Number of protein chains: 2
Amino acid sequence: MNNIDTIIEHAEQNCKSHGSRLTTKRKQVLSLLVQTSKALSAYDLIDLFVKENGEKIPAMSVYRILDFLEAEHLVHKLKLANKYIACSHITCKHEHGVPQFLICSVCNAVKEITVNKSTINELNQSVEQAGFKLVSPQLEINCICNDCLTTAV
Amino acid sequence: MNNIDTIIEHAEQNCKSHGSRLTTKRKQVLSLLVQTSKALSAYDLIDLFVKENGEKIPAMSVYRILDFLEAEHLVHKLKLANKYIACSHITCKHEHGVPQFLICSVCNAVKEITVNKSTINELNQSVEQAGFKLVSPQLEINCICNDCLTTAV
DNA sequence: AACGTAAATGATATGTTGTAACATCTCTAT
DNA sequence: ATAGAGATGTTACAACATATCATTTACGTT
């Protein structure tokens, strides 16, 4: 069976349940993100869209669609890289705790890891003591993956 | 006495000691960063430069100067925001442990906080288990400061 | 089924950020 | 004084993002 279709259908139901519409274009964009499971920039998506669907899509549309998908919690925007990635909880149900993104600054690979809740709590305490508030407990951490580390030398 | 001049002079000695030159333009840019003590984008600096010095500076020059200052460890580049900030250890001598930057996503205020070494170690362990390596233990954390939090409502 | 409205998308222009490539200037050592 | 390296200037352009207005589509009402 086709896993991606299942995911998309699930997402569609989710949208419908609170009165928003996962239109064809939105499905197509989401589908690209789910399939690649890598972080893609808006312009990456524009190129991929043409390749996969044989028709152009304006930049404006992609940005609007990404905003929509983000508002629906179907994709995350990685601010560190200005890239977008399918939200992990649409591809797998069980809860992982607090997800954190490791982004390889060389090859843009993205890995989602779980960090102890206590670690996050400690971090959060330090932040609040400083008079700031975490926008989300989801950190984007600038890393180098082992592959790039070994080949770079 | 003028604190900023002292800082700049100190930085200049530092450069001289290993054969690099803190030229007038570089001093001017560094000086802007030290004075504002906020995170500024390259184009923020271009505007500020005109305002403060009454002469234009090309974008290219600012980027080159920022690269230089970063290599000299006089400024940090905040990758999350694509902004630059004067390195704290040129304005204050004593070591703080592992510095972390909190960046207000509304007003761009930057606060440097200290997080328990143990917290960082735990984070680092999780990262290494995932086959990644922290580029630097210096995190850039996306926050909202209390000022913006209260006024936004 | 036809219509009106709101939402979604398209199209165009332009703003913003960053860099490539080459020219010119300016120190510094000889 | 002059050559060579390093620093800066200039121009053009690539990549990323949004503003604005036009057009199309979906959906409830009649």
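Please read these numbers as outputs of a predicted model, since none were measured by experiment. Side chains are part of it too, since the values below use all heavy atoms of this structure and drop only hydrogens, waters and symmetry mates.
What separates CD1 of A:Ile46 from P of D:dA14 is a distance of 16 Å, to the nearest Å. Regarding A:Glu72, its CD atom lies at a distance of 10 Å from the P atom of C:dA8, rounded to whole Å. Taking atom CG on B:Asn82 and atom C1' on C:dT17, their separation rounds to 8 Å, with Å as the unit. Atom NZ of A:Lys27 and atom C1' of D:dA26 are 14 Å apart (whole Å). Atom pair B:Leu40:CG and C:dG18:P shows a separation of 13 Å (rounding to whole Å applied). The nearest whole Å value for the distance from the CD1 atom in B:Ile65 to the C1' atom in C:dG18 is 15 Å. Distance, A:Leu45 CG to D:dA17 C1': 14 Å, rounded to whole Å. We find that CD1 of B:Ile57 is positioned 16 Å from P of C:dT17, with the value rounded to whole Å.
Within the model, atoms CZ of B:Arg26 and CZ of B:Arg21 stand 7.5 Å from one another, a figure rounded to the nearest 0.5 Å. The distance from the CZ atom of A:Phe101 to the CG atom of A:Leu78 is 5.5 Å, given to the nearest 0.5 Å. Put simply, CD1 on A:Ile120 and CD on A:Gln125 are 12.5 Å apart, with the number rounded to the nearest 0.5 Å. Rounding to the nearest 0.5 angstrom, the gap separating the CD1 atom in A:Ile65 from the OG1 atom in A:Thr23 is 6.0 Å.
Mapping A:Phe68 and A:Met60 onto DNA chain C by nearest heavy atom places A:Phe68 at the nucleotide closer to the 5' end.
Checking the phosphate oxygens (OP1, OP2) of C:dT9, a side-chain nitrogen or oxygen of A:Thr23 falls inside 4.0 Å. Within the 4.0 Å cut-off from OP1 or OP2 of C:dA7, not a single side-chain nitrogen or oxygen of A:Arg21 is found. Contact between the side-chain N/O atoms of A:Lys25 and the OP1/OP2 oxygens of D:dT25 is not found at any separation under 4.0 Å. Here A:Ser61 does not reach the OP1 or OP2 of C:dT9: none of its side-chain N or O atoms lies under 4.0 Å away. Taking only side-chain nitrogens and oxygens, B:Tyr63 comes nearer than 4.0 Å to OP1 or OP2 of C:dG18. The side chain of A:Lys56 places no N or O atom within less than 4.0 Å of a non-bridging phosphate oxygen (OP1 or OP2) of C:dG10. Taking side-chain N and O atoms only, A:Arg64 has no distance below 4.0 Å to OP1 or OP2 of C:dA7.
Residue-to-nucleotide contacts include a donor-acceptor pair under 3.5 Å from the side chain of A:Tyr43 to the base of D:dA17.
Side-chain proximity of A:Arg26 to the nucleotides D:dT8, C:dG18, C:dA8 is greatest for C:dA8.
A:Gln13 and A:Ser17 are not linked by any side-chain donor-acceptor pair at a separation below 3.5 angstrom, with hydrogens and angles left out of the test.
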